[in-house]
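Presented below is the structure to which this report refers.
Computed from a predicted model, the values in this text were never measured in an experiment.
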Amino acid sequence: MDTLALEAKATGQEKKSSAPRPRPKPPKKAKRIVYFEVEIVDAKTKEKLLLLDKVEPTSTILDIKALFHKSNPQWYPARQSLRLDPKGKCLKDEDVLQTLPVGTTASFYFSDLGAQIAWGTVFLSECYGPLLIYLMFYFRLPFIYAPNLACMCHSFHYVKRILETLFIHRISHGTMPLRNIFKNCSYYWCFAAWMAYYINHPLYTPPYYGQQQVKTALIIFLFCQVGNFSINITLRNLKCPGSKVKKIPHPTKNPFTWIFALVSCPNYTYELGSWMGFTVMTQCLPVAFFTIVGFVLMTVWARGKHRNYRKEFRDYPTLRSPILPFIL
């Protein structure tokens with residue numbers, strides 16, 4: 001019996017060993033990469049500036065700008081504008097070549113944006129000027145009356161803006177045209193000098209309703225300054241460092257952010273409120289004029305941002321207005 005069992009077992013093992021083994025799967029063939037040929041043409045003269053061969057399909061517009069910069073050092077990436085059509089929209093740096101509506105031979109139209117400067121530099125220059133100019137008027141005039149609340153509020157506003165530029169704002173665009181620094185600084189610096197001259201003049205007339213008017217305006221000013229700071233913190237938290245992904249801002253637990261339910265750009269709303277408070281506090285015509293001009297500019301910016309929000313997000317809240325709830 002034992003001998004028969006051993007023979008049967010051996011026969012079973014022989015059958016198992018003689019069974020065909022599965023063939024190993026052939027290695028997967030590497031996917032063939034289809035390279036692009038990129039032609040860069042001057043948007044005005046239609047002159048061919050550069051032909052890039054074997055550009056990877058995953059290359060971004062920024063990568064193409066960097067390659068173009070190697071051949072043309074005078075045009076660094078921030079200075080370049082690339083379009084699919086001479087009069088079309090400027091392509092974003094993060095756009096990927098293979099996702100664009102082009103064939104394997106792509107033509108891009110180049111425009112020179114001119115010398116560029118960092119946004120942060122412009123913002124700081126805008127703020128340092130008014131801060132120093134106002135203080136110059138305040139301290140160099142020997143006949144200043146009492147401690148000037150307007151000087152403290154004006155200085156507080158621009159110190160706040162400087163600190164926010166350095167530590168809070170995450171600016172999506174790295175640079176802007178160099179000419180903007182002269183235009184922007186002229187606007188802020190000249191208005192600061194005009195306001196400071198009248199507010200600190202010996203013939204300056206105090207507000208009509210006296211301290212009651214000043215204190216009420218001060219409360220409005222400080223309330224809006226805190227609100228503006230709260231909105232800037234909320235907007236900062238929407239963006240990760242280095243990311244250009246946009247999100248819809250929503251109200252948070254901070255009551256100052258609840259205005260997001262009604263307004264797309266409450267930072268401008270609070271900024272307007274601050275200058276309205278400063279106008280009431282000083283009862284000064286140059287300040288009122290600066291507030292009106294600022295309101296017009298901020299309305300234009302707010303409408304542009306509101307329009308972009310609605311284009312980019314289908315579920316964008318329909319109740320929101322650009323800058324003033326239910327009005328504008």
Side-chain angles (χ1 to χ4, degrees), residues 33-126 169-187 239 242-246 265 296-314 322:
I33 299 176
V34 179
Y35 290 99
F36 282 68
E37 188 178 82
V38 175
E39 180 185 52
I40 298 180
V41 181
D42 190 293
K44 292 182 179 179
T45 64
K46 304 300 184 291
E47 176 189 355
K48 186 187 293 184
L49 300 176
L50 183 66
L51 181 65
L52 298 171
D53 194 18
K54 289 189 176 181
V55 180
E56 294 188 1
T58 55
S59 299
T60 62
I61 293 298
L62 184 60
D63 296 331
I64 294 172
K65 287 182 178 180
L67 294 172
F68 184 57
H69 174 51
K70 286 183 179 179
S71 301
N72 301 271
Q74 72 273 26
W75 292 319
Y76 45 89
R79 188 167 179 159
Q80 301 173 35
S81 169
L82 297 180
R83 297 176 171 87
L84 294 176
D85 183 84
K87 296 181 180 179
K89 191 177 180 181
C90 183
L91 296 170
K92 297 178 181 178
D93 285 346
E94 59 269 24
D95 287 341
V96 180
L97 183 58
Q98 63 184 359
T99 63
L100 297 174
V102 296
T104 52
T105 301
S107 294
F108 294 108
Y109 293 90
F110 163 80
S111 295
D112 182 9
L113 297 176
Q116 300 288 298
I117 188 171
W119 280 73
T121 304
V122 176
F123 289 161
L124 290 173
S125 301
E126 290 174 2
H169 292 315
R170 286 177 177 159
I171 303 168
S172 300
H173 302 284
T175 62
M176 67 167 67
L178 180 62
R179 62 181 178 274
N180 283 14
I181 193 170
F182 302 104
K183 180 178 64 177
N184 294 16
C185 288
S186 297
Y187 168 74
K239 292 182 181 179
S243 174
K244 293 187 177 182
V245 178
K246 294 184 179 179
C265 301
V296 173
L297 292 174
M298 288 188 288
T299 299
V300 173
W301 301 334
R303 280 183 167 178
K305 291 185 178 182
H306 181 74
R307 194 184 309 115
N308 290 337
Y309 276 135
R310 296 185 65 178
K311 283 182 180 179
E312 293 179 23
F313 304 104
R314 294 182 179 179

More than 12 foreign heavy atoms under 6.0 Å from NZ of Lys46: is that the case here? yes
Side chains of Arg79 and Asp112 in contact at under 4.5 Å (non-hydrogen atoms): yes
Are Leu178 and Asn180 close enough, and set up right, to give a side-chain contact (heavy atoms from CB on, under 4.5 Å), and what steps lead you there? CA-CA 5 Å; Leu178 180 62; Asn180 283 14; over 6 Å; no
Counting only heavy atoms not in Arg83 (residues, nucleotides, ligands), do more than 12 fall under 6.0 Å from its CZ? yes
Side-chain contact test, heavy atoms from C-beta onward, threshold under 4.5 Å: evaluate it for Gln80 versus His69 and give yes or no. yes
Interatomic spacing from NZ in Lys70 to CG in Leu52 - rounded to 0.5 Å: 10.5 Å
For Ile61 and Leu100: C-alpha separation, side-chain torsions, deciding distance, then whether side-chain contact (heavy atoms from CB on, under 4.5 Å) applies. CA-CA 10 Å; Ile61 293 298; Leu100 297 174; 3.9 Å; yes
Do Pro322 and Thr299 make a side-chain contact, defined as non-hydrogen atoms from C-beta onward lying under 4.5 Å apart? no
When you compare the side chain of Leu84 with that of Phe108, does any pair of heavy atoms fall below 4.5 Å? yes
I'd like to check Leu113 versus Ser81 (side-chain heavy atoms, cut-off strictly below 4.5 Å). Are they in contact? yes
Pair Phe110, Val41 - check side-chain contact (heavy atoms from CB on, under 4.5 Å), show working. CA-CA 6 Å; Phe110 163 80; Val41 181; over 6 Å; no
Rounded distance (nearest 0.5 Å) linking atom OG1 of Thr104 with atom OH of Tyr35: 14.0 Å
Quick check against the 3.5 Å criterion: does Ser59 have a side-chain atom that pairs as donor or acceptor with the backbone of Val55? no
Look only at the side chain of Tyr109 and the backbone of Gly88, and say whether a donor-acceptor pair between them is shorter than 3.5 Å. no
Please report the interatomic distance CD(Glu126) to OH(Tyr187), rounded to the nearest 0.5 Å. 9.5 Å
Is any side-chain heavy atom of Leu51 closer than 4.5 Å to one of Val38? no
Look only at the side chain of Ser71 and the backbone of Phe68, and say whether a donor-acceptor pair between them is shorter than 3.5 Å. no
How long is the span from the CD1 atom in Ile117 to the CD1 atom in Ile181, to the nearest 0.5 Å? 3.5 Å
May I ask you to decide if Lys92's main-chain N or O and Asp95's side chain share a donor-acceptor pair within less than 3.5 Å? yes
Are the side chains of Cys265 and Met298 in contact, using a 4.5 Å heavy-atom criterion? no
Hey, what do you get for NZ (Lys65) to CG (Leu91), rounding to the nearest 0.5 Å? 8.0 Å
Under the 3.5 angstrom rule, does the side chain of Thr45 hit a backbone N or O of Asp42 as a donor-acceptor pair? no
Could you tell me whether the side chain of Glu39 reaches within less than 4.5 Å of the side chain of Lys48, counting heavy atoms only? yes
Between the side chains of Glu94 and Thr60, is a donor N or O closer than 3.5 angstrom to an acceptor N or O? no
Could you grab the distance from atom CZ of Phe36 to atom CD of Gln98, nearest 0.5 Å is fine? 6.5 Å
Between Glu37 and Asp53, which heavy-atom pair has the shortest distance, and what is it? OE2-OD1, 4.1 Å
